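Down below is the structure, laid out as structure tokens.
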Amino acid sequence: FLGCGMNSVGVATGGGAGMALAHCILHGHTPTDLQEADPKRFPDCFTSVEALTARVPEVLGKHYEIAYPGRQWASARHLRPTPLNAQWVAERAHFGQVFGWERPLYFDKTAEPALTFGRPAWFNQVGREVARAHEAAAVFDLSPLGKILVEGSDAEAFLDRLCASDMRRAPGRTIYTTMLNPRGGVESDLTALRLTDERYWLTVGTAAPKRDLAWLRRHLGDGERLRLSDETEAFAMLGLMGPEAAHIASALGAPELNDLAYFRHGDAEIAGRSVRAARLSYVGETGWEITCRAQDAAGIYDALAAAGARPAGLFAQNAMRIEKRFLARGHELDSDITPLEAGLGFTLDWRRDFIGRAALLRRRDEGLRQRLVTILLDAPGATPLGNEPVTLEGAPFGKTTSAAFGYRIGRPLALAYVDTRMAGDLEGLKVEVAMARESFAGRLTLQAAFDAEGHRLRPDLPGGSRTDQLGPTGAGGRI
């Protein structure tokens with residue numbers, strides 16, 4: 001593959017990657033983020049002759065097709081079902097393949113959806129799932145998220161060197177952090193659970209385990225006493241989210257979960273099965289991310305469903321996280337974007353000499369050239385998809401990164417990076433977003449479009465427990 005680009009199954013396609021490879025040889029990194037050409041983006045299940053033999057003809061056939069939003073591959077499927085696959089089939093899930101995993105995109109599917117660049121066929125189903133999480137309780141299948149165990153007497157010092165947040169928190173704490181390259185760009189964002197003095201549990205993006213493990217191993221110091229292991233397939237993870245979540249936990253014999261403060265974690269039992277629950281949310285509604293052994297997931301989900309929780313898919317999760325201005329690597333975050341530009345400055349622990357700190361200090365002193373904003377679109381029928389040009393008074397101003405319809409605010413919206421040198425005060429600024437040769441007006445805000453103060457994330461809980469304040473975001477890396 002040297003000197004060649006690669007398509008979605010790793011077939012050499014030719015192109016300009018040779019110059020990027022030369023740059024990498026000379027400087028140790030590519031000239032720009034090239035995750036689309038990183039072989040580590042493929043799970044092991046795609047490396048078999050059977051999978052490649054099935055997929056390659058479809059790749060060639062789809063090469064000249066219109067790439068509609070939501071289009072799925074038909075070949076090489078069912079390689080990595082989640083532990084709840086049987087439950088999701090019974091709930092009539094429409095599945096999408098992510099890093100080989102079959103992830104439910106939405107539920108209550110009645111027919112194969114017609115693909116379009118306009119309002120999608122699943123619009124109403126996704127709206128109902130958002131309402132479940134907003135008004136009652138929903139369960140999101142987070143099992144495909146990568147899970148990395150870091151253990152050993154040097155675990156704290158190792159992660160404190162690689163991560164931009166303070167990793168020296170006490171056991172029981174949950175930490176959202178980024179890992180940066182020497183240029184200050186985000187190589188990964190993750191959530192770390194401090195289990196003991198010598199053990200951390202890292203939750204990374206669905207497509208990130210191979211990439212992040214490689215990054216961690218690359219930075220192991222000589223003689224560091226440390227063990228890294230990929231625990232992804234051994235454990236399932238369920239997101240129980242919504243205002244009824246607390247009552248469901250109590251009804252199922254796990255009232256101690258309601259005593260967990262925000263960004264704390266603890267152990268409990270649900271339906272007679274051991275779980276570890278972290279109080280955080282990627283959708284902006286109160287709840288927990290509940291981890292259990294893969295073989296226990298079905299029994300735990302059945303208990304949650306019997307207590308009133310209903311499933312919600314990846315499309316609902318994505319729409320809700322955009323309303324909350326929560327970030328996703330590959331969209332808002334990549335190896336060229338710094339935490340300062342992404343609005344994650346509050347997560348940085350400047351007291352330590354973590355990787356990328358010097359570059360961030362220079363960037364901070366020079367002033368930021370771009371900044372992440374939310375764009376609230378005026379037209380209810382606009383259908384932004386992400387990667388659309390943003391203009392200010394007709395001049396190029398930026399580009400959207402993620403977009404969706406905001407069901408809780410009743411309008412479409414997008415996250416975008418815009419040029420800070422073109423406007424002084426960004427709050428309330430009028431812009432236009434280009435979609436399919438039309439321009440749609442919108443206004444900027446530096447806040448989350450929904451519940452900017454985070455009251456729904458951190459309510460007073462039964463038992464009188466109060467949550468602590470972490471800042472304006474919940475957690476990233478949950479795609």
Side-chain angles (χ1 to χ4, degrees), residues 6-10 35-36 38-48 51-52 54-55 58-59 62 67-85 87-89 91 93-107 109 113 115 120 122 126 129 139-148 188-191 203-213 230-233 235-239 282-283 289 294 297 311-322 326-334 385-386 401-402 404 475-479:
M6 290 190 296
N7 64 18
S8 59
V9 293
Q35 60 181 327
E36 297 89 350
D38 185 351
K40 293 187 291 297
R41 73 191 188 279
F42 298 115
D44 292 342
C45 63
F46 276 142
T47 63
S48 71
L52 289 170
R55 178 60 62 86
E58 187 182 10
V59 169
K62 274 188 163 60
Y68 286 106
R71 186 181 71 169
Q72 294 295 319
W73 298 102
S75 60
R77 296 296 298 265
H78 311 295
L79 302 176
R80 299 180 84 183
T82 77
L84 292 171
N85 186 73
Q87 279 76 6
W88 302 151
V89 170
E91 295 282 1
H94 179 66
F95 291 97
Q97 192 179 61
V98 183
F99 204 59
W101 291 99
E102 294 293 332
R103 299 198 67 173
L105 303 181
Y106 66 89
F107 293 90
K109 175 181 175 181
L115 299 180
W122 49 80
V126 174
E129 293 168 23
V139 176
F140 297 85
D141 190 353
L142 307 178
S143 302
L145 293 177
K147 308 167 192 74
I148 299 172
S188 177
D189 73 321
L190 56 94
T191 300
T203 304
V204 302
T206 298
K210 292 179 74 172
R211 183 187 68 226
D212 287 358
L213 273 168
D230 185 351
E231 304 282 319
T232 302
E233 300 207 3
F235 292 88
M237 183 182 290
L238 307 179
Y282 194 49
V283 298
E289 293 186 354
L314 191 59
F315 285 161
Q317 174 185 287
N318 195 50
M320 297 175 82
R321 70 100 182 163
I322 293 171
F326 293 161
L327 316 182
R329 198 181 187 285
H331 296 272
E332 290 73 46
L333 300 173
D334 61 36
L385 302 172
T401 55
S402 299
R478 323 309 279 177
I479 294 295

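All of these numbers come straight from a predicted model, not from anything done at the bench.
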Using modelled atom types and a 3.5 Å cut-off, is there a donor and acceptor pairing between side-chain atoms of Gln72 and backbone atoms of Gln97?
yes

Test: salt bridge (charged side-chain N to carboxylate O under 4.0 Å, His left out). Region: residues 69-85. Which pairs qualify, not counting sequence neighbours?
Glu65-Arg71, Arg77-Glu102, Arg80-Glu233

Nearest heavy-atom neighbours spanning Pro209 and Ile148:
O-CD1, 4.3 Å

Closest contact, heavy atoms only, Trp101 versus Pro81:
CZ3-O, 3.6 Å

Rounded to the nearest 0.5 Å, the CZ atom of Phe315 sits from the OH atom of Tyr106 at a distance of 7.5 Å

Can you tell me how far the CG atom of Leu142 sits from the OG1 atom of Thr206, to the nearest 0.5 Å?
8.5 Å

Please check this pair: side chain of Arg41 against backbone of Arg211, looking for a donor-acceptor N/O pair closer than 3.5 Å.
no

Heavy atoms of Arg103 and Asp141 approach each other most closely as NH2-O, 3.3 Å

Does the Glu129 side chain pair with the main chain of Ala316, one donor and one acceptor, at a distance under 3.5 Å?
no

Does Ser143 reach the main-chain N or O of Met237 with its side chain, forming a donor-acceptor pair under 3.5 Å?
yes

Got Ser402 and Arg321 here, is their nearest side-chain heavy-atom distance under 4.5 Å?
yes

In terms of heavy-atom contacts, Phe46 and Gly100 come closest through CE1-N, 4.1 Å

Answer yes or no: is there a donor N or O on one side and an acceptor on the other, between the side chain of Arg55 and the main chain of Ser75, under 3.5 Å?
yes

Is the closest side-chain heavy-atom distance between Phe326 and Val283 below 4.5 Å?
no

When rounded to the nearest 0.5 angstrom, what distance separates NE2 in His78 from CG in Asn85?
8.0 Å

Where is the tightest heavy-atom contact between Phe140 and Ala312, given as atom of each residue plus distance?
CE2-CB, 3.5 Å

Passing candidate, side chain to side chain contact (heavy atoms under 4.5 Å, CB included) with Leu145, options Leu190, Thr203, Val204, Thr191
Thr203

To the nearest 0.5 Å, tell me how far Leu105 CG sits from His94 NE2.
5.5 Å

From Ile322 atom CD1 to Leu327 atom CG, the distance as rounded to the nearest 0.5 Å:
10.5 Å

Looking only at heavy atoms, which two atoms of Cys45 and Ser48 are closest? And how far apart?
O-OG, 3.9 Å

Distance in Å, Glu289 CD paired with Tyr282 OH, rounded so as to fall on 0.5 Å steps
10.5 Å

Can a donor-acceptor pair be found, under 3.5 Å and without considering hydrogens, that links the side chain of Lys210 to the backbone of Pro43?
no

